[in-house]
Structures are given as structure tokens and as C-alpha cells.
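Chain naming here is simple, since letters A, B, ... match the order of the sequence lines and numbering starts at 1 in each. For clarity, every value in this text was computed on a predicted model and none was experimentally measured.
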There are 2 protein chains.
Amino acid sequence: MLSQTAIYALRAIGYIAAQKNTHLVLAKVISEEMKIPKNFLSKILHKLAQKGFIESIRGTNGGFRLGKPAKEISLAQIVEIFMNIAPFQSCFLGIHSCQSCGITKKWDTISKQIMELLEGSTVDQIFPDIETKKKNAKQSNKKCKE
Amino acid sequence: MLSQTAIYALRAIGYIAAQKNTHLVLAKVISEEMKIPKNFLSKILHKLAQKGFIESIRGTNGGFRLGKPAKEISLAQIVEIFMNIAPFQSCFLGIHSCQSCGITKKWDTISKQIMELLEGSTVDQIFPDIETKKKNAKQSNKKCKE
DNA sequence: TTTTTAGTTGACAAACAGATGAATAAGTGT
DNA sequence: ACACTTATTCATCTGTTTGTCAACTAAAAA
């Protein structure tokens, strides 16, 4: 359905969005919490940073935060960086001549809903409940001036 | 969405089903008509034959035909031979702890429709209009006792 | 200035999907 | 018996995705 990489990307940016920008998030923490291989995640985050969806800060007390308001980042924008979403919109059987068959019609209805889900949802909806999750566990990081 | 192999399999068995069992279909013809690499198709057909969805007859005037009535073969039965359809039914983001979020709820609705499409459609619906397509072009095969 | 932290980058390996070619086995018709 | 046709099987190749390792760069702190 979604590629593994796209799923990782959504989980990662969803996790960052859930912090409500109150502090920077370490790649290491995202990796552990979201069960994403550390170095593979680094590359995903870098791509997201290139596109401006997140910002990266290097060095001590560095980390990642959103590059724009969460409500302005749709799932579709993230997914299409890491995979081709065109197949969702085209013929179920990869045949362009079967416009009229019942299967294709049903698929059209479904694919419209999928695109609506991807384009109509934003990254703050991914983890609506975990914004305070890591705050206490990471008291050791409280030194940083947030 | 569907793997390329699953799409090939649906096109192939759809083509065979469209012949209404009036005559055997050559792998070569399926390959050409359905734009599927010949040798790759052979392996797909072999798997379908193993599972009893089609029958293969070797030698001169051989070919393939359905192994059971078209209306008893659902798209889901074919697809699941060539790919894992579980992801359609599980969480959008591969996380089992987000039962309540709005995205997951919407995805549940969509995935139910996908499964309904796959399980509720049969292979005779794939190409409802081409049953006589190759009959005339293949008059040279008319020798066979059909 | 040195050390530590943390993101960046490139090389690479494993696994898989998709595709290809050639040899083989099993039937049919002469 | 023989030639021919057609499916079967095996070995291999390619490209992509996913994942790993390690060296590198930048920034802050000591």
C-alpha cells in the first residue's frame, strides 16, 4: 500500500509534530520510539529537511523540529517524496482501455477516497495523543533552554 | 497497490475467462494480447494451475483453460497467491496502537471497500467484452476438436 | 582549543521483484 | 519411430527497496 519508507517518514514527522514544537527531537529518540533503523531514518529526515518540512539543528542540544505549521503539511505531501502515488489514481489492472468495466468504476470510487485521506489529513493527526510522552522520561535533557 | 505480478495474474486469468472455455488459450497469445513477458507469464500460469484455478494441456493444440467456473474465482483468491493482502486490512502506518485516531478510522472504511471489491468480484468481470476477440484471428487453430 | 554531541554523507550489502534465455518434459500428429 | 508443438523448469540477470557501517562536518560546551 504505502512503501515502508513512506510509512517511516509519516511516523517520524508525525512524532515530531506531536511534540508541538516545544523542543527539538533527536533522531535517536525518533528511531527508538518509532522503531525505525537509525541510519535509514537519518536519510529520511534529511530529505524532509531538504523539502522544508522539518528543520535540523546540529551539535549539542540539536535535533529536529517542524519547518512549517503541522496543519500545513498533508500526508500526501510527505508520501509523494518517497513513493509514486500515481498508481492509486490509475486503473486497477494497469490497463487503460477498460474505462467501463464495473471493477474499474468501483476502484475509481475507492482511489478517490484514498487521495482524499492523504490530501485531507495533516501530520498533527497522526499521533494526536502522545505530545507529552517523552517529556518526563527525558528530564536529563532539561538543561537545554526551551 | 497490487504488485505487478498480481496484476499480470488477473489480466491472464481474466483473458482466459473471457474465452468462455470454448477453446484453449496459448500462453503465447496471452503474453501478446495482455502484454506480459512470455517466460514470466509461464510461471504465473503454472502457479495458477497448481492451485487448480486453471488447467494446462501440453503438446500440439494444447494451452490453458479455467479449472473451475469463472464465477467461483474471486479476484482475492488470485491476488493472494502472488502478494500479501494483509496490509490492506491492518493499520495504515503499521502501528498497532493507534486504534482510535481519525486517520485509522478512515482507512478502515476504505480497506473494507477494497476487500469487498477483491472478494466480491469474479474473474469473468475483468474483461466483459472481449470473449470473441481472438476467435477469428486464430482460424488457423480451428482444426482442434472444440 | 579540545571534547562532545548530533546531523550528514557515501559506500555498500541483503533481500526482493521483475524479467530473460535456454534446456527439458510431455503431449499430438504423421 | 519421428518431428513438432507447447508447457515446465532452472539458472541467471537487473533494478529497486531496505538496511548497515563508518567516516565526515558542524555546533555547542568545557
Side-chain angles (χ1 to χ4, degrees), chain A residues 1-12 16 23-32 34-51 53-65 67 79 81-84 87 94 138 140-146, chain B residues 1-12 16 23-32 34-51 53-65 67 79 81-84 87 94 138 140-146:
Chain A
M1 172 60 199
L2 297 183
S3 73
Q4 188 61 63
T5 310
I7 291 172
Y8 284 163
L10 287 177
R11 294 222 295 255
I16 296 171
H23 63 310
L24 295 174
V25 191
L26 297 184
K28 186 163 176 288
V29 172
I30 302 173
S31 164
E32 287 163 2
M34 294 288 104
K35 308 275 192 296
I36 306 171
K38 172 78 171 57
N39 289 289
F40 194 52
L41 172 64
S42 284
K43 282 166 198 169
I44 293 170
L45 292 173
H46 183 228
K47 262 195 179 175
L48 291 174
Q50 279 183 322
K51 302 277 180 180
F53 293 111
I54 61 176
E55 284 173 4
S56 70
I57 290 93
R58 300 223 258 197
T60 309
N61 294 329
F64 295 89
R65 68 179 164 225
V79 167
I81 297 173
F82 299 99
M83 63 179 288
N84 181 14
K138 282 282 162 181
S140 54
N141 261 6
K142 229 176 58 177
K143 290 187 284 182
C144 68
K145 319 135 188 170
E146 45 176 337
Chain B
M1 171 61 202
L2 296 183
S3 72
Q4 187 62 62
T5 309
I7 291 172
Y8 284 161
L10 287 177
R11 293 222 295 255
I16 295 171
H23 62 310
L24 295 176
V25 192
L26 298 184
K28 186 163 175 289
V29 173
I30 302 173
S31 164
E32 287 163 3
M34 294 288 106
K35 309 276 193 293
I36 305 170
K38 174 78 171 54
N39 289 291
F40 194 52
L41 173 64
S42 283
K43 281 170 205 166
I44 293 170
L45 292 173
H46 181 228
K47 264 195 178 174
L48 290 174
Q50 278 183 322
K51 302 278 181 179
F53 293 112
I54 62 176
E55 284 173 4
S56 71
I57 291 93
R58 299 222 258 196
T60 310
N61 294 328
F64 295 89
R65 69 179 163 224
V79 167
I81 297 172
F82 299 99
M83 63 181 286
N84 182 15
K138 282 279 160 181
S140 53
N141 261 7
K142 231 175 58 178
K143 290 186 285 183
C144 68
K145 317 133 188 170
E146 45 175 334

Specify the separation, in whole Å, of atom [atom1] of [X] and atom [atom2] of [N].
{"X": "B:L48", "N": "D:dT8", "atom1": "CG", "atom2": "P", "answer": "11 Å"}
{"X": "A:K47", "N": "C:dG10", "atom1": "NZ", "atom2": "P", "answer": "13 Å"}
{"X": "B:R58", "N": "D:dA7", "atom1": "CZ", "atom2": "C1'", "answer": "5 Å"}
{"X": "A:K28", "N": "C:dT8", "atom1": "NZ", "atom2": "P", "answer": "17 Å"}
{"X": "A:L45", "N": "C:dT9", "atom1": "CG", "atom2": "P", "answer": "13 Å"}
{"X": "A:H23", "N": "C:dA6", "atom1": "NE2", "atom2": "P", "answer": "13 Å"}
{"X": "A:E55", "N": "D:dA26", "atom1": "CD", "atom2": "P", "answer": "18 Å"}
{"X": "A:M83", "N": "D:dT18", "atom1": "CE", "atom2": "C1'", "answer": "15 Å"}

So, taking the atom named [atom1] in [X] and the one named [atom2] in [Y], what distance separates them when rounded to the nearest 0.5 Å?
{"X": "B:L26", "Y": "B:I57", "atom1": "CG", "atom2": "CD1", "value": "11.0 Å"}
{"X": "B:I54", "Y": "B:I16", "atom1": "CD1", "atom2": "CD1", "value": "4.5 Å"}
{"X": "B:S56", "Y": "B:Q50", "atom1": "OG", "atom2": "CD", "value": "10.0 Å"}

Side-chain heavy-atom pair B:F82, B:L48 within 4.5 angstrom cut-off |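 With C-beta onward as the side chain, the pair touches.
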
Is the shortest heavy-atom distance from the side chain of B:H46 to the side chain of B:K43 under 4.5 Å?
->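 The answer is no; the side chains never approach within 4.5 Å.
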
Which is true for A:S56 with a 4.0 Å heavy-atom rule: it touches a base, it touches only sugar-phosphate, or it touches nothing?
-> sugar-phosphate

Hey, does A:I57 reach any base, or is it just sugar-phosphate, or nothing, if we go heavy atoms under 4.0 Å?
->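 Sugar-phosphate, no base atom in range.
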
Using residues 5-12 of chain B as the side-chain source, report each donor-acceptor pair under 3.5 Å to any protein atom, sequence neighbours left out, with the distance given to one decimal.
residue	atom	partner	partner atom	Å
B:R11	NE	B:M34	O	3.3
B:R11	NH1	A:L93	O	3.0
B:R11	NH2	B:M34	O	2.9

What does nucleotides 17-23 of chain C look like as a protein-contact string, B for base, S for sugar-phosphate only, - for none, at under 4.0 angstrom between heavy atoms?
-> -SBBBB-

So, is A:N61 near the phosphate of D:dA29, with a side-chain N or O under 4.0 Å from OP1 or OP2?
->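 Yes, because at least one side-chain N or O of A:N61 sits under 4.0 Å from OP1 or OP2 of D:dA29.
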
OP1 or OP2 of D:dT9 less than 4.0 angstrom from a side-chain nitrogen or oxygen of B:H46, does that happen here?
-> yes

Just by modelled atom types, is the B:I36 backbone N or O under 3.5 Å from a matching donor or acceptor in the B:S31 side chain?
->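 Yes.
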
